[in-house]
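This report refers to the structure that appears directly beneath it.
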There are 2 protein chains.
Amino acid sequence: MDQPARKVLIADDEPDIREFLQYNLSAEGYEVFTAKDGDETLEKAKRIQPDLIVLDVMMPKKSGVEVCQLLRSQSAFKDTIILMLTALNDDGSHIKGLETGADDYIGKPISPKVLVSRINALFRRLSKPKAGVLNMDSISIDPEQYIVTVEGKEISLAKKEFELLYLLAHRPGRVFLRNEILNQVWGNDVIVGDRTIDVHIRKIRQKLGVDCITTVKGVGYKFEV
Amino acid sequence: MDQPARKVLIADDEPDIREFLQYNLSAEGYEVFTAKDGDETLEKAKRIQPDLIVLDVMMPKKSGVEVCQLLRSQSAFKDTIILMLTALNDDGSHIKGLETGADDYIGKPISPKVLVSRINALFRRLSKPKAGVLNMDSISIDPEQYIVTVEGKEISLAKKEFELLYLLAHRPGRVFLRNEILNQVWGNDVIVGDRTIDVHIRKIRQKLGVDCITTVKGVGYKFEV
DNA sequence: TTTAAATATTAAGTTATTATTAACTCTGCA
DNA sequence: TGCAGAGTTAATAATAACTTAATATTTAAA
């Protein structure tokens with residue numbers, strides 16, 4: 001289940017802090033980049049498209065608040081997570097930071113463990129699930145390799161079976177109408193009998209051995225963990 | 001288009017703090033509810049289905065951490081925003097709180113302005129407007145998933161039952177004539193006996209366990225919360 | 001209060017939809 | 001060529017959803 005590592009850009013003018021944060025975040029498995037002033041931050045943010053930016057408020061060239069505002073005004077950074085970091089721990093700047101569009105605001109000094117834990121929490125809630133490997137309790141689905149793993153056991157599905165399962169599983173809980181399934185898996189123009197879907201569903205259920213596909217009679221099917 | 005106010009549940013055992021937070025959050029336009037211990041929090045959370053819970057860690061009955069864990073283990077609270085509030089401002093509990101599934105963690109004392117501003121930030125990023133989902137007090141109806149949730153419990157309705165409920169519920173208070181219901185749910189041309197509607201209404205009432213459909217004799221039915 | 005109409009309730013009957021199974025076609029490959 | 005697996009179809013079984021009908025209860029008007 002190897003996702004590409006999440007990219008974090010650290011923007012701070014103090015080399016010590018950059019190094020310190022870089023060390024701790026790398027150890028957590030993030031891919032870390034650094035910038036030492038506002039302009040460099042903007043430039044690198046554009047190039048790297050980080051998932052999260054740790055932004056010091058007090059920086060040369062452009063302040064963290066300015067950088068934050070500029071980033072938020074561009075649609076490409078609409079979903080980039082921004083964590084403000086600052087020695088200015090008074091309420092005024094705290095509020096201003098958050099209102100500029102930052103997602104979190106932490107005063108220095110802060111323990112690396114707390115920082116990492118806050119970053120993890122931010123990712124847990126904010127990051128969009130990337131297309132790719134789906135990971136549910138006990139089931140994972142890898143579209144690259146056409147491999148499904150149930151409780152550690154690898155199970156091989158045929159192409160159509162896999163596509164059908166992936167369609168359902170990429171939005172757990174959502175009911176897919178038979179028509180939707182036909183369009184997505186078979187294509188708009190292909191005409192197949194109605195029972196074809198059922199047969200595939202059955203094979204999937206049989207092979208997985210776990211009951212994760214629910215029939216919604218008269219409507220369609222949905223995937224549930 | 002007026003969204004219903006966002007619901008915030010404040011859980012703290014100190015009356016002063018409850019009142020203080022209630023005042024400040026109400027002033028911001030939130031609809032505020034309070035609970036004074038862990039059990040009450042769970043009970044009210046189920047009933048009210050708040051968008052955000054401010055959770056004190058140190059509470060009688062059940063601690064904030066316990067409550068957070070219990071809530072997160074239920075799918076109905078998967079998207080509820082949880083903000084932990086505590087006097088325990090050491091790093092250990094900070095980390096533990098976040099790892100339990102809280103979305104933010106703030107140490108007391110904290111200025112009301114900062115709290116409000118953090119809550120606004122959380123809403124800005126975390127609240128996802130779901131298309132089509134109807135959310136009433138304690139009842140939510142999700143046409144995408146064909147799922148009805150009553151006080152946290154998922155209830156499965158059959159197709160016609162769901163469509164009928166959705167029809168009534170999407171305009172709470174409005175009376176639907178039997179004819180309208182037949183046309184909308186069954187279609188203009190279908191002919192079914194008059195009692196068919198009654199039977200479906202009954203099943204819905206039975207399954208939901210809550211009396212939210214009112215009979216208007218000689219006219220039709222309406223949905224009320 | 002009585003009465004008639006409307007709705008609620010229940011269980012049984014009917015239909016529609018899905019599950020299952022097996023046979024058949026097609027394709028690629030040894 | 002013939003095998004093996006994928007994909008489809010078709011026939012039958014099973015099941016859940018829906019409808020009906022019979023009876024009971026409620027409601028509002030007389």
Side-chain angles (χ1 to χ4, degrees), chain A residues 143 145-148 154-168 175-224, chain B residues 143 145-148 154-168 175-224:
Chain A
Q145 313 200 31
Y146 268 60
I147 284 177
V148 177
E154 264 190 22
I155 288 167
S156 80
L157 295 185
K159 186 159 171 267
K160 282 257 151 60
E161 290 160 13
F162 190 91
E163 284 171 0
L164 175 46
L165 176 62
Y166 191 79
L167 173 68
L168 297 181
V175 177
F176 288 84
L177 313 181
R178 296 178 93 92
N179 260 331
E180 287 183 282
I181 295 175
L182 285 178
N183 287 340
Q184 297 289 322
V185 179
W186 274 264
N188 286 303
D189 37 5
V190 183
I191 297 172
V192 287
D194 241 12
R195 301 276 108 325
T196 303
I197 294 181
D198 309 30
V199 174
H200 279 90
I201 292 280
R202 160 151 172 76
K203 289 221 182 108
I204 296 171
R205 283 175 171 157
Q206 204 170 250
K207 287 188 178 177
L208 295 199
V210 187
D211 192 20
C212 55
I213 296 178
T214 309
T215 305
V216 183
K217 204 155 170 168
V219 187
Y221 294 93
K222 68 178 165 178
F223 182 93
E224 286 179 312
Chain B
Q145 310 200 176
Y146 255 75
I147 282 176
V148 177
E154 270 186 17
I155 289 167
S156 79
L157 296 185
K159 192 171 170 231
K160 283 253 154 60
E161 290 159 14
F162 190 91
E163 286 170 359
L164 175 45
L165 176 62
Y166 193 80
L167 173 69
L168 297 182
V175 179
F176 287 83
L177 312 182
R178 296 179 93 91
N179 260 331
E180 286 184 282
I181 295 175
L182 285 178
N183 287 339
Q184 296 288 323
V185 178
W186 275 262
N188 286 303
D189 38 3
V190 182
I191 296 172
V192 288
D194 240 14
R195 302 276 71 41
T196 303
I197 293 182
D198 309 29
V199 173
H200 279 91
I201 292 280
R202 158 149 174 78
K203 288 226 182 100
I204 296 170
R205 284 174 171 157
Q206 201 172 254
K207 287 189 179 177
L208 295 199
V210 185
D211 191 21
C212 55
I213 296 177
T214 309
T215 305
V216 183
K217 192 157 169 158
V219 188
Y221 295 93
K222 68 178 167 178
F223 181 93
E224 284 179 315

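Predicted, not measured: the structure shown is a model, and the values here were computed from it. Quick note: numbers below take in every heavy atom, side chains included, and nothing from hydrogens, waters or symmetry partners.
In this structure, the CZ atom of A:Phe162 is 14 Å from the P atom of D:dA6, given to the nearest Å. Rounded to whole Å, atom P of C:dT18 lies 12 Å from atom CG of A:Leu182. As rounded to whole Å, 17 Å separates atom P of D:dA6 from atom CD1 of A:Ile201. Regarding A:Ile181, its CD1 atom lies at a distance of 16 Å from the P atom of C:dT17, rounded to whole Å. Rounded to whole Å, atom C1' of C:dT7 lies 14 Å from atom CD1 of B:Ile213. One atom, CG of B:Asp194, and another, P of D:dA21, lie 12 Å apart when rounded to the nearest Å. The CG-P distance, from A:Leu177 to C:dT17, rounds to 14 Å in whole Å.
Contact of the A:Ile197 side chain with the A:Leu182 side chain is registered, since non-hydrogen atoms from C-beta on lie closer than 4.5 Å. Between A:Lys222 and B:Ile147, the closest side-chain pair of non-hydrogen atoms falls below 4.5 Å. The shortest side-chain heavy-atom distance between A:Tyr221 and A:Ile201 falls under the 4.5 Å cut-off.
Between B:Phe162 and B:Tyr146, the ring center distance clears the sub-6.0 Å criterion.
Within a 6.0 Å sphere centred on CD of A:Glu180, other residues, nucleotides and ligands contribute more than 12 heavy atoms.
The side chain of B:Thr215 places no N or O atom within less than 4.0 Å of a non-bridging phosphate oxygen (OP1 or OP2) of D:dT26. Look at A:Tyr221 and you'll find a side-chain N or O under 4.0 angstrom from OP1 or OP2 of C:dA19.
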Exercise for review: Evaluate the side chain to side chain contact (heavy atoms under 4.5 Å, CB included) criterion for residues B:Trp186 and B:Ile181: first the C-alpha distance (whole Å), next the side-chain angles of each, then the deciding distance (0.1 Å), finally the verdict.
Suggested key: CA-CA 8 Å; B:Trp186 275 262; B:Ile181 295 175; 4.1 Å; yes
Check your understanding: Should A:Glu154 and A:Val148 be marked as a side chain to side chain contact (heavy atoms under 4.5 Å, CB included) after you check the CA-CA gap, both sets of side-chain angles, and the distance that decides it?
Key -> CA-CA 6 Å; A:Glu154 264 190 22; A:Val148 177; over 6 Å; no
Study note, to complete from the structure: 5' to 3', nucleotides 20-30 of chain C under a 4.0 Å protein heavy-atom cut-off (B base, S sugar-phosphate only, - none) gives BB---------
Check nucleotides 14-18 of chain D for protein N or O atoms closer than 3.5 Å to its own N or O atoms and list the pairs.
from   : atom 1 : to       : atom 2 : distance (Å)
D:dT15 : O2     : A:Lys217 : NZ     : 2.9
D:dA16 : O4'    : A:Lys217 : NZ     : 3.2
D:dC18 : OP1    : B:Lys160 : N      : 3.0

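B:Lys159 and B:Glu161 are not joined by a salt bridge, as no carboxylate oxygen comes within less than 4.0 angstrom of a charged side-chain nitrogen. Comment: B:Asp198 does not engage B:Arg205 in a salt bridge, judged by the lack of any side-chain N to carboxylate O separation of less than 4.0 angstrom.
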